[in-house]
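Reviewing the structure listed below.
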Amino acid sequence: MIAGISKITFPMIQEPRGNLSFIENSTHIPYDIKRVYYLYDVPAGSARGGHAHHELKQTLIALSGSFEVHLDNGTAQETVTLNRPYEGLLVDTLVWRTIDNFSSGSVCLVLASDIYREEEYIRDYCKFLATVKA
Ligand code: T46
């Protein structure tokens, strides 16, 4: 995987009555979770993201269905498909991300290292590249 992203596999308890996965703050996530949000009812053909973060770290999980995450650390690019509820994609600071190809009924859960602050976003790709190189 390119620098700035990694996969996390969460525990899964498999039983005949169904599966259960769990996520513990310091055990499975390498930062304190300060915010949880989720994307759902995304219309076919829509894309989310299209930005990077100065400080924010996030873990994306396909709780249901599937979607593609296109990642760019300013040097290398990679596309990751998320489709397993027991798998997380950890996206570090200064990684440009765009999410698309949401399957019908998919849910993207995000565990974030901080509360929402708009000033923390880099929404201009040229500014992103300049920040990475600085
Ligand atoms: C990311 C991808 C995966 C809030 O008020 N609080 C929040 O916690 C968030 C995430 C958003 N908002 C507001 C800000 C905007 O008015 O919700 C609106 C849509 O936010 P945004 O355009 O940033 O949504 P996405 O799906 O393009 O991006 C979000 C996250 O912002 C971003 O960090 O990595 O999901």
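All ligand and atom numbering here is 1-based and tracks the order in the structure. Throughout, residue positions are numbered sequentially from 1 according to the sequence presented.
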* Asked: Would Glu120 and Arg117 satisfy salt bridge (Lys or Arg N to Asp or Glu O under 4.0 Å), going step by step from the backbone distance to the final call?
  -> CA-CA 6 Å; Glu120 205 276 322; Arg117 290 187 296 122; 5.4 Å; no
* To do: Please answer whether the main-chain N or O of Leu71 pairs with a side-chain N or O of Arg97 as donor and acceptor at a distance below 3.5 Å.
  => no
* Considering residues, nucleotides and ligands other than Tyr40, do more than 12 of their heavy atoms fall under 6.0 Å from its OH? -> no
* Asked: What's the shortest distance from atom 26 (O) of ligand 1 to any protein heavy atom, and which residue and atom give it?
  -> Arg48 NE, 2.8 Å
* Asked: atom 12 (N) of ligand 1: which protein heavy atom is closest, and how many Å away?
  -> Tyr116 CE1, 3.9 Å
* Taking atom types as modelled and ignoring hydrogens, do the side chains of Thr93 and His53 form a donor-acceptor contact shorter than 3.5 angstrom? -> no
* **Under 4.0 Å to a heavy atom of Ile99 - the qualifying atoms of ligand 1, by number** => 3 (C)
* Any N or O of Gly49 closer than 3.5 Å to N or O of ligand 1 -> yes
* To do: Would you mind listing every ring-ring contact (aromatic ring centres under 6.0 Å, His included) that reaches into residues 87-109, with sequence neighbours excluded?
  => Phe67-Phe102, Trp96-Tyr125, Trp96-Phe128
* Which atoms of ligand 1 are found less than 4.0 Å from any heavy atom of Arg35? -> 7 (C), 8 (O), 9 (C), 10 (C)
* **Asn101 side chain vs Glu68 backbone, donor-acceptor pair below 3.5 Å** => no
* Quick check: does any side chain N or O of Ser103 sit under 3.5 Å from a backbone N or O of Ser66, one acting as donor and the other as acceptor? -> yes
* Asked: Quick one: nearest non-hydrogen protein atom to atom 33 (O) of ligand 1, plus distance?
  -> His53 NE2, 2.7 Å
* Structure fact -> closest protein heavy atom to atom 31 (O) of ligand 1 is Tyr121 OH, 2.5 Å
* Asked: What are the atoms of ligand 1, with element, lying closer than 4.0 Å to any heavy atom of Gln58?
  -> 1 (C), 32 (C), 33 (O), 34 (O)
* **Leu89 and its side-chain contact (heavy atoms from CB on, under 4.5 Å) partner, picked from Thr59, Ile61, Val69** => Val69
* To do: Mark whether atom 24 (O) of ligand 1 lies under 4.0 angstrom from at least one protein heavy atom.
  => yes
* Applying a strict 4.0 Å limit to heavy atoms, is His51 in contact with ligand 1? -> yes
* Consider ligand 1: state whether an atom of it lies below 4.0 angstrom from any non-hydrogen atom of Arg117. => no
* Asked: Within a distance of under 4.0 Å, is there any protein heavy atom near atom 18 (C) of ligand 1?
  -> no
* Proximity to ligand 1 by part of Leu39, non-hydrogen separation under 4.0 Å -> side chain
* Of all the non-hydrogen atoms in the protein, which one sits nearest to atom 35 (O) of ligand 1, and at what distance? -> Tyr37 OH, 3.3 Å
* To do: Let me see the working for Gln14 and Tyr86 under side-chain hydrogen bond (donor to acceptor under 3.5 Å, both in side chains), right down to the final yes or no.
  => CA-CA 11 Å; Gln14 281 182 292; Tyr86 56 88; over 6 Å; no
